2 protein chains.
Amino acid sequence: MLNKQVTIKDLARKLRLSVSTVSRALRDVQDINPETKRQVLALAKELNYEPNFIARSLVNKQTKVIGVVLPVIAARYFANALSGMMEVADANGYHIMFCQSDESPEKEASNIKKLVSIRIDGLLVSVSKCTSDTEIFQKVQQRGIPVVFFDRALEHIDATKVTVNQHEGAFLAVEHLIRKGCTKIAHIAGPRHLSIAIDRMNGYLDALQKYNIPFNKEYLLHCEDFQYDAMEKIQALFNLEEKPDAIFTVNDSIAVLCIKYLKELGIRVPEDVAVVGYNNDPVSEVVWPALTTVMQPSFEVGKLATQLLIDEIEQKSTQHFHKVLSSELIVRSSS
Amino acid sequence: MLNKQVTIKDLARKLRLSVSTVSRALRDVQDINPETKRQVLALAKELNYEPNFIARSLVNKQTKVIGVVLPVIAARYFANALSGMMEVADANGYHIMFCQSDESPEKEASNIKKLVSIRIDGLLVSVSKCTSDTEIFQKVQQRGIPVVFFDRALEHIDATKVTVNQHEGAFLAVEHLIRKGCTKIAHIAGPRHLSIAIDRMNGYLDALQKYNIPFNKEYLLHCEDFQYDAMEKIQALFNLEEKPDAIFTVNDSIAVLCIKYLKELGIRVPEDVAVVGYNNDPVSEVVWPALTTVMQPSFEVGKLATQLLIDEIEQKSTQHFHKVLSSELIVRSSS
DNA sequence: CTGTTAGCGCGTTCAC
DNA sequence: GTGAACGCGCTAACAG
């Protein structure tokens with residue numbers, strides 16, 4: 001059963017060549033007799049030879065493996081980013097090994113240690129919500145392993161980062177509501193300590209300012225736990241005397257909750273209150289009315305981050321960038 | 001910058017021991033002086049020594065890497081299965097390297113070749129919709145690499161399989177509709193060549209039979225492309241003279257389409273027509289009315305498949321099983 | 001253009 | 001209990 005793997009040695013013996021000649025023939029490197037090369041390649045194909053990555057890694061001191069740590073793969077956004085990574089990795093002869101942190105800094109750290117111990121050539125990471133310590137990432141860098149942050153990056157660390165312009169996405173969303181004639185625009189924001197949530201909130205505030213719409217602090221509510229405390233915030237909003245005529249939410253799930261709740265109250269969407277979400281989650285298409293939302297270029301983020309990482313690994317680039325990608329507003333019937 | 005990795009050799013030199021003694025001390029194996037062992041372990045910790053996986057793999061001829069090939073990671077079902085796999089792999093000292101086939105048999109094959117070439121110890125695979133050839137999987141087995149199929153398995157191959165009882169899930173769904181008093185139950189089925197779709201259809205048929213409800217062939221429609229031709233099927237259904245009073249669909253997206261369409265026609269769900277889907281997709285919770293659906297134990301499938309694979313890798317078990325897990329009906333307001 | 005030698009980091013005989 | 005020697009499969013340095 002154990003169909004012993006054919007090695008470079010087997011080829012050498014059958015061809016009465018030295019292993020090094022075979023090795024050279026297999027990669028197209030240095031000067032080698034075209035005829036010899038032909039023979040080696042032919043036999044390799046015939047015997048179904050496949051180079052042993054492990055042995056090659058050992059001598060080259062590079063594994064061609066890129067480690068990825070992200071919060072949770074079941075989130076569509078990260079699944080798409082990962083797909084983008086795999087595409088670029090594949091095209092450059094790299095493999096991806098990924099882990100999930102489940103939003104736990106501890107699990108994140110242990111994943112990183114594990115990946116480093118397998119001798120990854122580079123690390124792509126989107127930090128958990130609660131990660132603030134840069135130490136572990138610096139240690140990885142000190143080992144000579146390049147680190148690129150994607151989507152969620154730490155501020156105080158010198159590394160390449162690929163993120164999405166949250167401020168701009170939120171600005172677009174609110175600007176859209178304003179142009180639709182809304183003037184009492186509420187925002188259900190995310191946790192105060194999460195930078196993407198803060199950025200979106202600032203986009204909201206700046207859009208109001210630009211269009212000279214006075215800010216009403218009663219219209220700004222924070223969900224510290226995302227969805228879990230969302231419903232009470234929504235209810236609070238509609239217990240106000242001056243009810244809003246539009247709601248911009250930090251994500252689609254909360255927007256969907258809003259729509260449901262408004263329906264129960266008999267408030268029409270978008271006639272009485274317009275709703276705009278964030279993420280272009282699959283639910284945004286199926287809810288009724290279909291949700292206007294902001295789509296982030298997750299696939300592109302994954303691709304770009306990986307390309308920049310590979311450039312660093314292969315020393316094509318040695319400086320660190322911070323690339324910020326734009327989002328797109330997808331207008332549907334909820335606004 | 002290149003913080004050179006400390007090796008077993010460094011430890012040996014500093015301790016004036018031979019590398020083999022250090023090697024033995026590091027693993028707890030053979031007879032070794034407890035005191036020597038203590039010293040080695042202490043120094044290893046101090047110098048932050050980490051065994052080199054690559055070198056170890058080369059001599060042990062095992063990489064502790066499990067390859068996973070699945071259709072698409074953006075599908076919640078597979079993301080959950082993968083999470084289950086990572087949990088079990090982690091607990092047993094294995095790593096997971098996964099690839100997506102994007103439902104293409106060609107990409108599936110090239111992924112498998114790639115994984116085999118990095119010398120995975122075992123392979124977990126859920127085949128693409130169009131895969132029918134068993135050859136490539138047999139080749140993998142012949143190389144001595146155990147293969148376990150999960151969720152979607154090929155019939156004519158001798159390998160361990162972990163699947164979900166589609167027939168039972170469908171049966172439960174239809175039985176539920178019958179108990180609710182529905183008698184004109186339609187089924188929008190999936191592609192005729194896809195075994196999970198066939199199984200669900202048979203579950204539908206058998207439930208009707210068991211409860212002596214005559215089968216009306218006008219009530220059974222196939223979507224060969226899943227969602228893409230779903231809408232016309234739904235419309236066909238409601239152009240019939242004898243309209244159904246319930247619809248059971250092969251997946252949630254189609255069920256959601258049904259609900260939307262019924263709303264447009266002014267038909268009430270569930271009062272006039274009940275709807276039941278399949279998969280417990282996130283959309284099933286947010287649609288209105290919330291969708292009754294069948295939840296598959298995807299996480300469990302991943303865990304079990306991985307455990308059985310590891311058992312095979314480690315020769316704890318040599319026979320092949322076919323484990324079939326049960327699904328659960330989740331009753332919500334659409335039925 | 002090709003063969004010889006050496007070594008990547010570690011595990012596994014053997015002796016001692 | 002410990003060390004020397006060899007090999008895993010492959011690449012790199014140096015001769016020739």
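In the text below, chain A, chain B and the rest are named by the order of the sequence lines, each starting its count at 1. Being a predicted model, the structure only gives us computed values, none of them experimental. The basis for the numbers below is simple: all heavy atoms, side chains too, and nothing from hydrogens, waters or symmetry mates.
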_For E108(A) versus S128(A), what's the shortest heavy-atom pair and its separation?_
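In this case the closest contact between E108(A) and S128(A) is OE1-N, 2.7 Å.
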
_On a heavy-atom basis, which atom in C99(B) and which in M86(A) lie closest, and how many Å separate them?_
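Where C99(B) meets M86(A) most closely, the heavy atoms are CA-CE, 3.8 Å.
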
Send over the distance from [X] [atom1] to [N] [atom2], rounded to a whole Å.
X: L11(B); N: dG11(C); atom1: CG; atom2: P; answer: 12 Å
X: R27(A); N: dC10(D); atom1: CZ; atom2: P; answer: 11 Å
X: R13(A); N: dC10(D); atom1: CZ; atom2: P; answer: 12 Å
X: K64(B); N: dC10(C); atom1: NZ; atom2: P; answer: 17 Å
X: L26(B); N: dG9(C); atom1: CG; atom2: P; answer: 15 Å
X: I118(A); N: dC10(C); atom1: CD1; atom2: P; answer: 15 Å
X: I8(A); N: dT4(C); atom1: CD1; atom2: P; answer: 15 Å

*Under 4.0 Å from any atom of DNA chain D, heavy atoms only: list the residues of residues 34-58 of chain A that qualify, in numerical order.*
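Output list: Y49(A), P51(A), N52(A), A55(A), R56(A).
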
_ring-ring contact (aromatic ring centres under 6.0 Å, His included) partners of Y77(B), counting only residues at least two apart_ =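 So Y77(B) forms no ring-ring contact (aromatic ring centres under 6.0 Å, His included) with any residue.
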
_ring-ring contact (aromatic ring centres under 6.0 Å, His included) partners for F137(A), two or more places apart_ =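 ring-ring contact (aromatic ring centres under 6.0 Å, His included) check on F137(A) returns F149(A).
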
[N] OP1/OP2 closer than 4.0 Å to side-chain N/O of [X]:
X: K61(B); N: dG9(D); answer: yes
X: R119(B); N: dC10(D); answer: no
X: K9(B); N: dC8(C); answer: yes

*Could you walk me through whether K161(A) and H320(A) pass the side chain to side chain contact (heavy atoms under 4.5 Å, CB included) check?*
CA-CA 8 Å; K161(A) 301 165 189 179; H320(A) 293 153; over 6 Å; no

Atom pairs, N/O to N/O, protein against nucleotides 3-6 of chain D, distance under 3.5 Å?
residue, atom, partner, partner atom, Å
dG3(D), OP2, S18(B), N, 3.1
dG3(D), OP2, S18(B), OG, 3.2
dG3(D), OP2, T21(B), OG1, 2.5
dG3(D), N7, S20(B), OG, 3.4
dG3(D), N7, R24(B), NH2, 2.8
dG3(D), O6, R24(B), NH1, 3.2
dA4(D), N6, S20(B), OG, 3.2

*Check the side chains of S23(A) and S20(A) for a donor-acceptor pair under 3.5 angstrom, ignoring hydrogens and angles.*
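No, no side-chain donor-acceptor pair sits under 3.5 Å.
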
_If the test is side chain to side chain contact (heavy atoms under 4.5 Å, CB included), which one of D158(A), I136(A), I157(A) qualifies with Q141(A)?_
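Looking at D158(A), I136(A), I157(A), the match for Q141(A) under the side chain to side chain contact (heavy atoms under 4.5 Å, CB included) is I157(A).
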
Under 3.5 Å, side-chain donor or acceptor atoms of residues 45-54 of chain B against the rest of the protein: list the pairs with distances, not counting sequence neighbours.
residue, atom, partner, partner atom, Å
E50(B), OE2, R143(A), NH2, 3.1
N52(B), OD1, I54(B), N, 2.8
N52(B), OD1, A55(B), N, 3.2

For residues 63-76 of chain B, please give each side-chain donor-acceptor pair under 3.5 Å, one per line with the distance, not counting sequence neighbours.
residue, atom, partner, partner atom, Å
T63(B), OG1, V65(B), N, 3.3
T63(B), OG1, R119(B), O, 2.7
T63(B), OG1, D121(B), OD1, 3.3

